[in-house]
Number of protein chains: 2
Amino acid sequence: MLNKNVFLEKYFLMTRSEENYLKTIFHLGGGDSKSITTNAIAEQMETKPSSVTDMAKKLSEKGLVDYVRYQGISLTDAGVKTALSIIRKHRLWEVFLVEKLDFTWDEVHEVAEQLEHIKSEKLIDKIDELLDFPKYDPHGDPIPTKDGKFQERDEKLLSEMPINSKGICVGVKDSSVPFLKFLDKNKIALGNTITIMDKEDFDHSLRIRMEGKEMRISHQIASNLYVKKND
Amino acid sequence: MLNKNVFLEKYFLMTRSEENYLKTIFHLGGGDSKSITTNAIAEQMETKPSSVTDMAKKLSEKGLVDYVRYQGISLTDAGVKTALSIIRKHRLWEVFLVEKLDFTWDEVHEVAEQLEHIKSEKLIDKIDELLDFPKYDPHGDPIPTKDGKFQERDEKLLSEMPINSKGICVGVKDSSVPFLKFLDKNKIALGNTITIMDKEDFDHSLRIRMEGKEMRISHQIASNLYVKKND
DNA sequence: ATCTATTTTTAGTTTTGTCTAAATTTAATT
DNA sequence: AATTAAATTTAGACAAAACTAAAAATAGAT
Ligand SMILES: [Mn+2]
Ligand SMILES: [Mn+2]
Ligand SMILES: [Mn+2]
Ligand SMILES: [Mn+2]
């Protein structure tokens with residue numbers, strides 16, 4: 001009993017802050033044993049580099065990151081596993097909010113940021129089951145499986161597609177509220193089939209056909225939309 | 001914008017600990033402007049009296065409790081309102097877990113203790129709607145409405161019912177895991193109709209008929225079951 | 001190789017929420 | 001009214017997670 005508690009404490013009792021650091025390091029690429037800089041993490045988390053250093057020591061102590069002073073931070077296997085479990089929870093909750101509670105895709109992230117920290121394996125497995133084991137979240141991001149596997153998709157940025165090619169819109173790179181609202185306003189939704197009609201050399205804008213209608217979209221929009229090749 | 005933030009900070013940004021104190025004070029009866037003692041709160045929360053004193057000052061500062069040194073603590077109207085909103089969330093989540101995710105009634109409390117602190121008015125309103133606005137939680141406890149109203153029920157402890165009277169089992173007073181598991185094992189469930197056949201003077205145990213079967217239950221069991229009078 | 005700008009860490013504080021130990025107030029008993 | 005026991009508060013400390021300011025290390029440019 002005492003032994004079990006020691007075990008739980010060391011390996012499972014993560015604070016919300018620790019979980020957020022692991023998630024951020026993973027998103028910055030630190031899962032591939034690539035070293036992430038203190039400043040990069042601080043900027044992403046809107047905190048100070050000195051706070052990142054403090055946390056690096058703590059996470060290193062717990063065996064979740066590899067950290068050498070001045071040399072940056074990367075996730076250990078245990079760190080990757082933990083990060084993926086948080087990301088899995090985040091994305092499943094986002095699907096839940098959209099599918100079961102009629103949230104819009106620009107409303108879910110903020111709430112999922114809270115829900116991802118709820119500690120109950122049974123809860124998230126049941127949510128997964130209720131949603132019929134979705135593979136992607138409302139923004140097209142893949143949902144890691146229970147054992148931490150990622151199902152990557154063969155996708156490209158719309159801006160990189162050649163003229164006359166077709167693709168199905170499957171995800172957004174920028175999932176900020178303003179961008180998502182812009183897409184809604186212009187009836188650009190995941191699942192839509194898009195044909196690249198023409199590209200403008202001057203500003204790199206695209207003329208596309210989507211759901212029967214033709215429109216022009218800027219390079220900034222096109223470079224934040226993922227499409228799956230479809231010909 | 002600055003004004004709005006000040007407003008939010010003062011009235012809505014509650015920490016998890018503050019919310020738990022308010023909930024506990026309410027459950028101990030401090031909602032009826034009855035003064036609750038420092039020790040009672042400390043015991044209930046498994047913390048030390050000195051910690052309660054510290055929090056009493058903080059909550060008093062925020063206008064959520066009335067606190068006079070050495071004289072005990074009671075909730076202000078704002079405190080009651082906040083406590084009820086936490087209790088509402090707790091109980092709605094418990095219903096959700098049972099109704100939508102097949103949790104058993106002895107599993108839900110622990111998870112609800114976490115979920116009750118999620119900050120999103122829309123989320124809990126949508127959960128309420130998804131559940132079709134339930135009036136009671138899985139343990140028979142009433143769910144406060146959005147505007148903080150309680151629908152009390154005319155209920156009595158089974159141990160206080162007269163011989164030959166009938167009642168429908170509508171709630172548990174003790175909702176500890178062992179008690180709930182005991183009830184499951186003995187097929188005693190909310191909704192069952194119970195007839196009091198006889199009472200034993202010696203140990204105050206009851207002979208009851210329930211769902212066609214007769215059984216004997218101890219006074220301790222009978223004094224932890226609520227029934228609705230059903231003449 | 002040296003200097004300099006940038007990055008990163010350290011040292012010392014702050015806030016929140018907890019604790020222990022000591023002091024104080026209240027309540028109960030003689 | 002004085003004494004004693006119990007309840008409560010204060011004072012001082014600690015851990016977590018953040019901050020600021022200063023020191024140290026690294027990397028880039030001469
Ligand atoms: Mn998100
Ligand atoms: Mn997402
Ligand atoms: Mn409960
Ligand atoms: Mn309950």
Side-chain angles (χ1 to χ4, degrees), chain A residues 5-6 8-25 28-30 34-74 82 86 113-114 117 119, chain B residues 5-6 8-25 28-30 34-74 82 86 113-114 117 119:
Chain A
N5 277 335
V6 168
L8 283 172
E9 213 170 300
K10 185 144 194 196
Y11 293 97
F12 292 118
L13 264 183
M14 308 280 300
T15 67
R16 176 175 298 221
S17 183
E18 287 170 343
E19 291 184 342
N20 283 334
Y21 273 94
L22 291 182
K23 205 176 44 149
T24 300
I25 297 165
L28 290 172
K34 194 182 85 183
S35 235
I36 308 300
T37 66
T38 302
N39 269 1
I41 296 167
E43 192 180 7
Q44 181 72 27
M45 301 191 69
E46 299 183 80
T47 183
K48 302 293 167 183
S50 53
S51 306
V52 176
T53 300
D54 286 346
M55 185 56 84
K57 287 175 187 163
K58 196 185 311 179
L59 292 174
S60 171
E61 199 64 43
K62 289 196 176 193
L64 295 162
V65 304
D66 289 320
Y67 167 63
V68 185
R69 279 163 72 229
Y70 296 102
Q71 300 308 122
I73 301 159
S74 64
T82 308
I86 313 292
E113 284 290 308
Q114 299 180 60
H117 301 291
K119 267 110 187 141
Chain B
N5 277 336
V6 167
L8 282 171
E9 213 171 299
K10 187 144 194 196
Y11 293 97
F12 291 119
L13 262 182
M14 307 280 300
T15 67
R16 175 175 298 222
S17 183
E18 287 169 343
E19 291 184 341
N20 283 335
Y21 273 95
L22 292 182
K23 203 176 46 149
T24 299
I25 297 165
L28 290 171
K34 193 182 86 182
S35 235
I36 307 300
T37 67
T38 303
N39 270 1
I41 296 166
E43 192 180 9
Q44 181 72 27
M45 301 191 69
E46 298 184 79
T47 184
K48 302 293 167 184
S50 54
S51 306
V52 176
T53 300
D54 287 345
M55 185 56 84
K57 288 175 187 162
K58 196 184 311 177
L59 292 174
S60 171
E61 199 63 42
K62 288 196 176 192
L64 295 162
V65 303
D66 289 321
Y67 168 62
V68 186
R69 277 164 74 230
Y70 295 101
Q71 300 309 119
I73 301 159
S74 66
T82 308
I86 313 293
E113 283 291 307
Q114 299 180 61
H117 301 292
K119 268 110 188 141

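Lettering of chains follows the sequences in order, A, B, ..., and the numbering in each one begins at 1. Model, not experiment: these values are computed from the prediction.
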Spatial distance of atom CD (Q114(A)) from atom CZ (R16(A)) [nearest 0.5 Å]: 6.5 Å
Would you indicate what T38(A) reaches in the nucleic acid, counting non-hydrogen atoms under 4.0 angstrom: base, sugar-phosphate, or nothing? sugar-phosphate
Are OP1 or OP2 of dT8(C) and a side-chain N or O of N39(A) less than 4.0 angstrom apart? yes
Nucleotide dT18(C), atom P - distance to CZ of R16(B) in whole Å: 12 Å
Side-chain atoms of P49(B) come closest, of dT26(D), dT9(D), dT8(C), to dT9(D)
When you get a sec, tell me which of dA18(D), dA17(D), dC19(C) is the closest nucleotide to the side chain of S51(B)? dC19(C)
K48(B) NZ - dA11(D) C1' separation (whole Å): 18 Å
Below 4.5 Å, heavy atoms only, C-beta onward: do I73(A) and V52(A) meet side chain to side chain? yes
Counting just side-chain N and O atoms, does Y21(A) come under 4.0 Å of either OP1 or OP2 of dA16(D)? no
dC19(D) C1' sits how many Å from M45(A) CE, rounded? 15 Å
Nucleotide nearest T53(B) (side chain, heavy atoms from C-beta), chosen from dT10(D), dT9(C), dT20(D): dT10(D)
Rounded to whole angstroms, how far apart are CE on M55(A) and P on dA18(D)? 6 Å
Quick one: which of dA17(D), dC19(C), dT9(D) gets closest to the side chain of T47(B)? dC19(C)
When rounded to the nearest 0.5 angstrom, what distance separates NE2 in H117(B) from OG1 in T15(B)? 9.0 Å
Among the nucleotides dA17(D), dT26(C), dT9(C), whichever has the atom closest to the side chain of Q71(B) is dT26(C)
Which nucleotide sits closest to the side chain of Y70(A): dA21(C), dC19(D), dT9(C)? dT9(C)
Quick check on dT24(C): is either OP1 or OP2 less than 4.0 Å from any side-chain nitrogen or oxygen of R69(B)? no
Among dT10(C), dT9(D), dA16(D), which nucleotide sits nearest the side chain of S50(A)? dT10(C)
What nucleotide, of dT25(C), dA18(D), dT8(C), holds the atom closest to the side chain of D54(A)? dA18(D)
Can you tell me how far P of dA7(D) sits from CD1 of I36(B), to the nearest Å? 16 Å
Looking at E43(B), I'd like to know if its CD atom is crowded, meaning that more than 12 non-hydrogen atoms belonging to other residues, nucleotides or ligands lie closer than 6.0 Å. no
Would you say the side chain of M45(A) lies within less than 4.5 Å of the side chain of M55(A), judging by non-hydrogen atoms? no
5' priority, DNA chain D, between E18(A) and G72(B) [closest heavy atom]: G72(B)
Y67(A) vs L59(A) side-chain heavy atoms within contact, under 4.5 Å: no
Let me know the distance between CE of M14(B) and P of dT16(C), rounded to the nearest Å. 13 Å
Nearest to the side chain of S17(B) - dT9(D), dT18(C), dA16(D)? dT18(C)
In whole angstrom, give the distance that lies between atom CG of L22(A) and atom C1' of dA17(D). 15 Å
In whole Å, what is the span from the CD1 atom of I73(A) to the C1' atom of dT7(C)? 12 Å
